[in-house]
Amino acid sequence: MRPTTFWIAIFCDKKKVCFMMTANEIRQQFLDFFIKKCGHAYVHSAPMVLKNDPTLMFSNSGMVQFKDYFLGNRTAEHKRVANSQKCLRVSGKHNDLEDVGLDTYHHTMFEMLGNWSFGDYFKKEAIQWAWELLTEVYRLPKDRLYVTVFGGDQKEGLARDEEAYQLWQQHIDPSRILYGSKKDNFWEMGDQGPCGPCSEIHIDLRPDAERAQITGYDLVNQDHPQVIEIWNLVFMQFNRKADGSLEPLPDRHVDTGMGFERLVRAIQGKVSNYDTDIFQPIIRQLEQDSGKNYHQAEKENSKVAVAMRVVADHLRAVTFAIADGQLPSNNKAGYVIRRILRRAVRYGYTFLGFRKPFICHLVPLLAEQFASIFPEVKAQSDFIINVIREEEAAFLRTLENGLRMLDSIIAQSANAKIIDGKIAFELYDTYGFPLDLTALIAREHGLLVDEAGFDKAMQEQKERSRNAAASEKSDWVVLEASEEPTEFVGYETDEAQARLLRYRAISDKKGTQYQIVLDRTPFYAESGGQVGDTGLLIVHGEHPRKIRITDTKKEIDQIIHFTYDNLPEILANTAHAPTVTAMIDSSRRRLIECNHSATHLMHAALREVLGKHVVQKGSLVNDEMLRFDFSHFAKMTDAEIEQVEKIVNAKIRANIALEEQRNVPIEKAKAMGAMALFGEKYGDFVRVITFDKNFSVELCGGTHVPQTGVIGQFKIVSESSSAAGVRRIEAITAAKAEEKINQELALLNSVRNLLKNPKDLLKAVENLMEEKQALQKELEHLHNQALQSVKQQLLKQVADKNGIQFIATRVEVTKPEALKTLAFQLKQAIDNLFAVLTAEIDGKVHIAVMIAETLVKERNWNASQIVKELAKLVEGGGGGQPFFATAAGKNTANLSAVLSAAEQLVNQ
RNA sequence: GGGGAAUUAGCUCAGAUGGUAGAGCACUAGCUUUGCAAGCUAGGGGUCAUCGGUUCGAGUCCGAUAUUCUCCA
């Protein structure tokens with residue numbers, strides 16, 4: 001990474017010309033300062049989207065990727081590290097998604113600059129370096145800076161952080177140091193885990209006149225938009241346990257986080273993060289595309305400015321998420337991304353007048369902007385653009401539907417002057433219409449929305465969901481303390497002796513499960529798409545006991561075994577850390593391995609057949625099948641699918657031996673041509689799986705067949721789309737494939753037998769279908785003809801009675817539908833018609849009454865009422881319209897009575 | 001995992017309260033035009049997602065299934 005070395009000249013303070021650092025330069029100076037001057041190692045940002053952490057969906061701060069170091073689960077490779085971490089926050093104290101864009105300094109996606117000490121330096125250096133960087137390198141005015149230190153907490157029994165106070169005094173006047181409460185100055189990762197006092201640096205960016213009136217000291221931590229925290233130095237020295245108590249950590253760490261966007265704003269002297277060169281290029285593009293002016297809108301306090309901020313912010317979140325492999329979808333992390341994108345579309349739709357996808361056009365700008373620090377966006381920009389465009393288009397359609405629906409609701413509610421809260425919620429729920437948008441449109445029509453009703457409906461829905469989820473974790477029961485991560489021996493063996501180190505209970509609606517940690521295990525934990533192993537733990541002792549393992553998962557690099565068996569009871573009489581024999585379900589594992597190795601072969605084959613743009617976007621491997629999602633823009637043709645199958649099966653027959661290399665330096669692995677995935681966090685050393693070094697080389701932690709011949713057979717069963725620009729293939733291997741092929745062949749055989757073994761089966765079926773259609777047409781035609789002749793006869797029977805063209809007769813037809821058709825045809829042929837047609841079909845009497853519209857009006861006759869009267873005679877019922885009605889009854893003996901009753905009607 | 005909605009012609013969609021399945025675009029033919037673009041006229045095209053139920057009668061009401069969308073966790 002090289003600093004971009006151009007300067008932008010700008011005018012500030014009207015007269016003075018000063019030079020302003022670009023955002024890219026500011027970031028680079030931070031990294032240079034800690035790396036070159038203070039001996040830190042640079043670490044690339046972890047993916048913004050997390051894969052193996054059940055407690056968190058996204059990196060929400062810089063420390064997430066270092067969590068294990070703080071927890072003591074792993075020792076750091078470098079004791080001093082500096083980085084810029086991509087972060088995403090959509091909920092929390094200040095980061096509720098619905099608030100972002102309303103102000104000028106909160107974001108969903110942001111960068112967090114940080115310097116880190118893992119058991120190395122502590123408060124002294126952290127404070128000194130922070131001060132030096134801000135005041136000497138960035139030359140921020142000292143008279144605008146304030147710092148806070150932890151003021152102690154009686155309830156926790158924690159003293160003031162005098163040490164930090166003393167250290168700060170060496171740099172800054174005591175009148176600029178504030179003591180803070182536990183809320184502001186004691187940092188915790190969550191309910192449990194490492195924590196400690198922190199010290200924040202705040203900056204007062206108000207104009208001098210305002211500063212003279214009220215001092216910045218009084219505005220620190222008061223939510224003033226111009227007096228803001230820019231850097232938080234966290235000194236981790238405690239571990240919070242599940243029962244709430246604190247214990248000192250063996251090693252003390254430093255974790256600092258500086259909000260990059262705010263820092264840039266402070267250095268560039270702007271009143272808003274969005275006025276910095278991080279956001280301005282995007283906003284300028286938006287101005288061009290929408291024909292609206294941002295700063296004008298800002299002055300007028302119009303929603304146009306909010307909308308541009310929302311779009312500029314959300315664009316970043318969505319783009320980086322997709323670059324890290326998280327596509328918008330309908331659940332979990334994917335749903336968060338979808339919601340963010342939709343919020344941006346909504347604002348663009350309502351306030352910027354966009355009716356077609358517009359966010360996707362901004363991606364190239366962003367890709368260029370971050371090319372040096374986060375190249376993953378530029379490398380995939382075509383793909384990202386496609387995904388965003390499709391998602392935008394889909395939501396715009398939904399929006400239009402909702403608007404139509406809202407229109408009709410407004411039309412119906414015009415008298416009530418209020419829109420039912422339940423309906424507003426339905427709009428929100430089904431069409432993604434937020435309340436404010438519904439309210440806005442309602443207001444334009446002079447209506448209000450019942451907000452209380454909306455909240456109630458929302459609350460009810462949340463309640464339903466919560467009851468369905470909710471789980472509770474107990475503390476770990478530690479049988480033997482250990483800081484080593486579990487050793488995985490499953491590459492070599494299916495069975496191993498191990499010690500049971502700790503376990504805990506997890507309860508939810510479905511019952512209680514136990515999680516188990518061993519010192520070593522052959523159980524593969526679900527990862528990289530490969531499902532976790534199942535199997536048994538046998539607890540040794542006088543009375544050996546079995547623990548059935550139903551699943552194995554990773555939790556921040558710990559291998560966790562899951563069981564529903566009652567662990568406290570099983571372990572009741574065992575000494576601490578009992579010895580167990582851990583054995584996986586081997587036959588299941590062998591099937592999984594076939595599918596996993598086949599996935600690698602298929603991945604390589606796809607790249608050969610479709611092109612190098614094919615990149616894995618998701619993978620599932622279990623004992624039944626494999627599922628593989630990859631980037632590709634068109635449906636695969638049958639020929640392409642066939643070719644992929646052919647290549648994979650050829651490689652299987654070639655019986656290529658597995659080549660497994662562990663602890664390969666990542667750079668070397670890449671040089672070998674190994675496919676690494678975006679959005680996947682790799683360590684410095686990786687495992688490389690090769691099947692023929694000229695064919696398939698992948699970084700992979702999963703388990704594989706020893707040679708490809710074991711797979712036996714490979715068969716693609718479906719190819720479909722899973723998202724915009726992403727195709728999904730499902731395939732089967734080994735015995736499953738054989739079974740499937742045999743089934744299909746058997747099916748084909750029985751069809752062939754049915755058709756008496758024709759030469760060309762396909763042609764035979766086609767003929768059959770054509771013939772059937774022709775016959776159907778002909779039958780219809782004949783039916784019509786038959787009806788025509790009946791109609792001709794009926795026409796002759798029509799007689800004039802008192803000026804009414806009357807007919808009442810029984811006809812021979814086979815379907816009730818025919819009575820109806822005849823009645824309508826008679827009506828078309830004869831004016832002033834009064835027709836009563838009856839027929840006996842399937843043991844029931846059917847009656848149809850047709851009355852000319854003129855008679856309906858003149859004589860006030862009603863076919864519906866008449867038919868009801870007539871139906872009574874045959875113990876039936878019926879109804880219809882005034883001019884035409886039908887009925888049916890079961891008393892066939894009285895059929896003629898119906899006809900004479902009809903005659904009487906006319907004679908009256 | 002839970003709630004809600006949608007599925008009608010090749011495509012995009014209408015079809016209050018159950019009562020003879022429709023429009024626009026696309027398609028075919030004829031006419032108009034030097035040709036194109038287009039216009040006019042006529043026509044073909046439907047298992048109203050599937051299965052079952054209620055009813056004299058179901059695209060419409062009820063139940064199940066499938067697929068898609070949507071909201072919540």
Side-chain angles (χ1 to χ4, degrees), chain A residues 54 57 90-91 97 328-336 338-339 342-343 390-391 393-402 404-405 408 411-412 422-435 438 454-455 457-471 508-510 718 720-723 769 772-773 776-777 780 787 815-828 837-839 841-842 844-851 862-891 898:
Chain A
M57 289 193 288
V90 286
S91 60
L97 178 60
S329 74
N330 65 345
N331 56 30
K332 301 206 174 133
Y335 187 56
V336 173
R338 174 168 281 173
R339 246 165 54 200
R342 291 189 164 197
R343 182 165 183 261
E390 290 300 319
E391 187 70 20
F395 184 55
L396 283 167
R397 276 198 297 274
T398 309
L399 263 183
E400 299 280 358
N401 279 341
R404 261 205 303 271
M405 165 134 182
S408 74
Q412 284 166 41
K422 260 199 198 140
I423 291 176
F425 181 73
E426 189 191 322
L427 273 167
Y428 168 75
D429 199 41
T430 308
Y431 296 93
F433 265 51
L435 184 62
T438 306
F454 178 91
D455 288 341
M458 171 75 102
Q459 212 47 49
E460 282 168 5
Q461 163 134 322
K462 283 190 176 172
E463 205 55 45
R464 275 195 300 269
S465 302
R466 200 164 320 148
N467 291 341
S471 76
D508 61 16
K509 213 169 66 177
K510 287 178 200 151
S718 83
S720 60
S721 150
S722 93
M769 286 170 63
K772 185 218 161 213
Q773 198 155 33
Q776 216 167 28
K777 280 263 147 82
E780 214 171 291
L787 275 185
K815 282 199 277 186
E817 187 68 17
L819 272 188
K820 189 185 206 172
T821 311
L822 272 176
F824 275 92
Q825 286 189 357
L826 287 179
K827 179 191 172 210
Q828 246 184 346
L837 303 181
T838 64
I841 302 165
D842 289 339
K844 278 170 97 178
V845 180
H846 288 259
I847 309 168
V849 176
M850 175 65 83
I851 306 177
N862 188 320
S864 184
Q865 277 165 22
I866 292 170
V867 90
K868 273 178 192 160
E869 289 302 319
L870 296 177
K872 279 181 191 165
L873 301 170
V874 288
E875 299 170 39
Q881 299 137 284
F883 76 98
F884 176 72
T886 54
K890 54 191 171 193
N891 190 344
V898 171

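Sequence lines set the chain letters: A, B, ... in the order given, protein chains first and strands last, and positions in each chain run from 1.
Taking atom NZ on A:Lys844 and atom P on B:C56, their separation rounds to 7 Å, with Å as the unit. The distance from atom CD of A:Glu817 to atom C1' of B:A21 is 12 Å, rounded to the nearest whole Å. What separates CE of A:Met850 from C1' of B:G57 is a distance of 14 Å, to the nearest Å. Distance A:Leu837 CG to B:C56 P: 20 Å, rounded to the nearest Å. Per the geometry, CD1 belonging to A:Ile841 stands 11 Å off P belonging to B:G57, to the nearest Å. Going from atom NZ of A:Lys820 over to atom P of B:G19 covers 10 Å, rounded to whole Å. The nearest whole Å value for the distance from the CZ atom in A:Phe884 to the P atom in B:G18 is 18 Å. Atoms CG (A:Leu870) and C1' (B:C56) sit 13 Å apart, rounded to a whole Å.
B:G59 and B:G19 have their P atoms separated by 10 Å, with the value rounded to a whole Å. Taking atom P in both B:C40 and B:A26, one finds a spacing of 12 Å when rounded to whole Å. Separation of the C1' atoms belonging to B:G15 and B:A23 is 10 Å when rounded to the nearest angstrom. Comparing B:U50 with B:A38, their P atoms are spaced 36 Å from each other, to the whole Å. Of the P atoms belonging to B:A37 and B:A29, the separation is 15 Å, rounded to the nearest Å. For the P atoms, the distance linking B:G10 with B:A73 amounts to 41 Å, nearest Å. Here, B:G4 and B:G44 have their P atoms 44 Å apart, quoted to the whole Å. Separation of the C1' atoms belonging to B:A16 and B:C51 is 29 Å when rounded to the nearest angstrom.
For the pair A:Gln881 and B:U20, the criterion of a side-chain N or O lying under 4.0 Å from OP1 or OP2 is met.
Look at B:A6: its glycosidic torsion is beyond 90° from 0, and that puts it in the anti range.
Using cut-offs of 30° and 60° on the angle between ring planes, the pair A:Phe884 and A:Phe824 is tilted.
For B:G19, its base sits under 3.5 Å from the side chain of A:Thr886 at one donor and acceptor pair at least.
Across the strands present, B:A14 finds no partner; the criterion is a Watson-Crick or G-U wobble pair with both atom distances under 3.5 angstrom. Remark: B:C27 base-pairs with B:G43. Criterion, Watson-Crick or G-U wobble with two distances under 3.5 Å. The partner of B:C56, taking Watson-Crick or G-U wobble pairs whose two distances both stay under 3.5 Å, is B:G19. Nucleotide B:U7 forms a pair with B:A66, judged by Watson-Crick or G-U wobble geometry with both contacts under 3.5 Å. Pairing for B:A37 is absent, judged as Watson-Crick or G-U wobble with the two contacts each under 3.5 Å.
For the atom pair CE of A:Met850 and CD of A:Gln881, the computed distance is 8.5 Å after rounding to the nearest 0.5 Å. Of the inter-residue distances, the one linking A:Leu837 atom CG with A:Leu826 atom CG reads 6.0 Å to the nearest 0.5 angstrom.
Sequence order on RNA chain B of the closest nucleotides to A:Phe883 and A:Gly877 puts A:Phe883 first from the 5' end.
Of all non-hydrogen atoms in A:Ala887 and A:Val867, the two that sit nearest each other are CB-CG2, 3.6 Å.
Counting any heavy atom pair closer than 4.0 Å across all strands shown, A:Gly876 reaches no nucleic acid atom.
Residues A:Ile841 and A:Pro816 form a side-chain contact, since some pair of their non-hydrogen atoms from C-beta on lies under 4.5 Å apart.
Partner A:Thr838 forms a side chain to side chain contact (heavy atoms under 4.5 Å, CB included) with one of A:Val849, A:Ile847, A:Val874 and no other, that one being A:Ile847.
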